[in-house]
Each structure stands twice: as C-alpha cells, then as structure tokens.
Protein chains: 2
Amino acid sequence: MKTTTLSALAESNRLQIVELLRNGPLTVGEITERLRLRQPQVSKHLRILSDAGIVEVHAFANRRIYQLRRQAFQELDAWLDSFRRIWEEKLDRLDDYLQELQSKEGCREDQQ
Amino acid sequence: MKTTTLSALAESNRLQIVELLRNGPLTVGEITERLRLRQPQVSKHLRILSDAGIVEVHAFANRRIYQLRRQAFQELDAWLDSFRRIWEEKLDRLDDYLQELQSKEGCREDQQ
DNA sequence: GTTGAACATTCCTTAAAAGGAATATAAAAT
DNA sequence: ATTTTATATTCCTTTTAAGGAATGTTCAAC
C-alpha cells in the first residue's frame, strides 16, 4: 500500500470530496458549493487526490469534471485482503505468542 | 470512515508496523529491532495506532505486546464496500454527467 | 533495596501540510 | 475586443506532525 494514497484520504475535506464523488462525477464549482469551501482550496485538494491516483479529470470547455478512479479503490481492497486472511486463519494469536514468549524466558533462565 | 484511522496509517513507519503485525503480535522491542527505529519513536507510533483503534496492547510483565485489531480493518472494509457498489452499478458515469451538463447549458441559453 | 531491562512520556526543534489572499490562465459570453 | 466564468497556481502565514535527546515508570533479577 502506498502512503500517498492514504495520506490523500486522511484529510477531512478530501475525504468529503471522495464521498461526494461516490454519487457521480462533479465539477470543481459543484464541489466547492456543496462543501462550502473556497475554490482554491478545493482545487488544491483535488490536485492531491489526483496525484495520488484517487480521482481523474476530464476537461469540458472551461469546466473540469472530476471522478473517482476505480483502480485506487481496487488497490486498497487488495491490501485489505492481505489482512482479512489473518483472521480467517486464526482468531487470536496472542495466546500462541505468550507461550512462545514464556518458553523463551524459560530458556534464558536455564542459560543463566 | 474516520480520518484518524487513515492518518494513523498514512505514515510510512506506522504502515510498516502494521504490516509487521500482520504476521502476529510483537513486543515494542521486537518492532524496534526489526524496523531499525529508536524505541521512543516506536512507542509514539504505537500510541497513535492504538488511539486510532488499529492495534491493542496486552501487558505481560514489563513487556507490552501489540497486535492488530480486527474491527479497524472491518470498518475500512465496510467503507470500501460503499465504493465497490458504484462500479458494480455502472462502469462510467461520465457520459451521463456530460449529457446532464449539456442539457443544463441549453436551459440557461433559453432563459437568457 | 539497588541495578537493569522494557517501555512510555516530555520537551524541544525541525519539517510538512493546510488555509488565505491574490494572481494567472483559458474558454465563453457579450 | 472586452468582460465574465471556471479553474489552477503562487506566495505567505499558521498549524500540525515528526524526530531527537533526555527523563520517568514499572517490573524483574539479584
């Protein structure tokens, strides 16, 4: 997983933009209006989301239409998948670890 | 989705800690050793991960054993799910949006 | 009870990110 | 051609987060 993707999402205004775009593509002006932000900030946030590959732009006259990029979410999903398997395999590995730890302690005592 | 979760993950050292813990619980010392960081920084990062609900601690003598919290990943998963549906429903909503936009332009001309 | 190991916390400095205001650009409307 | 609309960018200030060094705390071992 790339930290650029995560840190792009880790800012509340940007997260709101992403959740807005869940309902379909929007222009900068529409986002500005709905989130009650200033246009330059929205443009800046969109730049960061765009650089992170989370959104993509399409120019239409003097409008810019932003929409979510599927791939970004697929990547996140794939990453999460590597964690899902952990709990599928075993619910609680703490007991195992404690035993392992305790047996190591035992060894140390023997050696001293 | 909470931005605390995302920003906790959005830092490379912390992301590495999380990926380390994928293989099972570890003590602070083990994390410190494997990531070649300084102990205080590791403790600080673990604090942030813990506050975000991504890891949980178990005290064992003077050791602290950290492990991933399933719920955090389930929440991320649930959030991602709301996006999966978008693309299941419709692959490309840009064309729709463009038509919508163009019909609005038409209206505006009529009104003026 | 004194020493050492494991970990957490504090304080300070430095670096990165965010917001604001102003300005730049490019297409559209007049 | 000039003005207006939509958007991007720049520069500056403020806030937030990270790293380093030192110190605090707790338990264990002796």
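Below, each value reflects all heavy atoms present in this structure, side chains not excepted, and no hydrogens, waters or symmetry copies. Naming convention: chains lettered A, B, ... in sequence-line order (proteins, then strands); numbering from 1 in each chain.
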Worksheet item: Does A/Y66 place a side-chain N or O at less than 4.0 Å from the phosphate oxygens OP1/OP2 of D/dA6?
Response: no
Fill in: Minimum-distance nucleotide to B/E11 side chain [options: C/dA18, C/dG20, D/dG19]
D/dG19
Practice prompt. Measure from NZ on A/K44 to P on C/dG19 and round the result to the nearest Å.
Written response: 8 Å
Practice prompt. Could you check how far CG of B/L49 sits from P of D/dA18, rounded to whole Å?
Written response: 10 Å
Practice prompt. To the nearest Å, give me how far apart CZ (A/R47) and C1' (C/dG19) are.
Written response: 18 Å
Discussion item. Please pick, from D/dT7, C/dG20, D/dT5, the nucleotide with the shortest atom-to-atom distance to any side-chain atom of A/R63.
Written reply: D/dT7
Discussion item. Between B/R70 and B/D77 (salt bridge meaning N to carboxylate O under 4.0 Å), is one present in this structure?
Written reply: no
Worksheet entry | Pi-cation contact, B/F73 with A/R84 (under 6.0 Å, within 45°) | no
Worksheet item: Counting side-chain heavy atoms from CB outward, which of D/dT7, D/dA21, C/dC7 is closest to B/P40?
Response: D/dA21
Worksheet item: Judged by modelled atom types alone, do B/S43 and B/Q39 share a side-chain donor-acceptor pair under 3.5 Å?
Response: yes
Practice prompt. Could you tell me whether the side chain of B/N62 has a donor or acceptor atom within less than 3.5 Å of a complementary atom in the base of D/dT26?
Written response: no
Item to complete: Ignoring backbone atoms, establish whether B/H45 has a side-chain N or O less than 4.0 Å from OP1 or OP2 of D/dA17.
Response: no
Worksheet item: Less than 3.5 Å between a donor and an acceptor, one on the side chain of A/Q39 and one on the base of D/dA6, is that the case here?
Response: no
Discussion item. Does A/T27 reach a base, just sugar-phosphate, or nothing at all? Heavy atoms under 4.0 Å.
Written reply: sugar-phosphate
Practice prompt. To the nearest Å, give me how far apart CG (A/D51) and P (C/dA18) are.
Written response: 13 Å
Response to the item:
By nearest-nucleotide position on DNA chain D, the 5'-leaning member of A/G29 and B/A10 is A/G29
Worksheet entry | Closest listed nucleotide, where the reference is the side chain of A/R38 and the choices are C/dA21, D/dG19, C/dT9 | C/dA21
Worksheet item: Are any non-hydrogen side-chain atoms of B/Y66 and B/I17 less than 4.5 angstrom apart?
Response: no
Item to complete: Write down the distance between CD (B/E33) and P (C/dA5), rounded to a whole number of angstrom.
Response: 15 Å
Worksheet entry | Minimum-distance nucleotide (side-chain atoms of A/R64 versus D/dA18, D/dA8, C/dA8) | D/dA8
Response to the item:
note: A/Q41, atom CD; D/dT15, atom P; distance rounded to Å ~ 15 Å
Worksheet, complete the sentence: In terms of heavy-atom contacts, A/F83 and A/W87 come closest through O-CE3, 3.1 Å
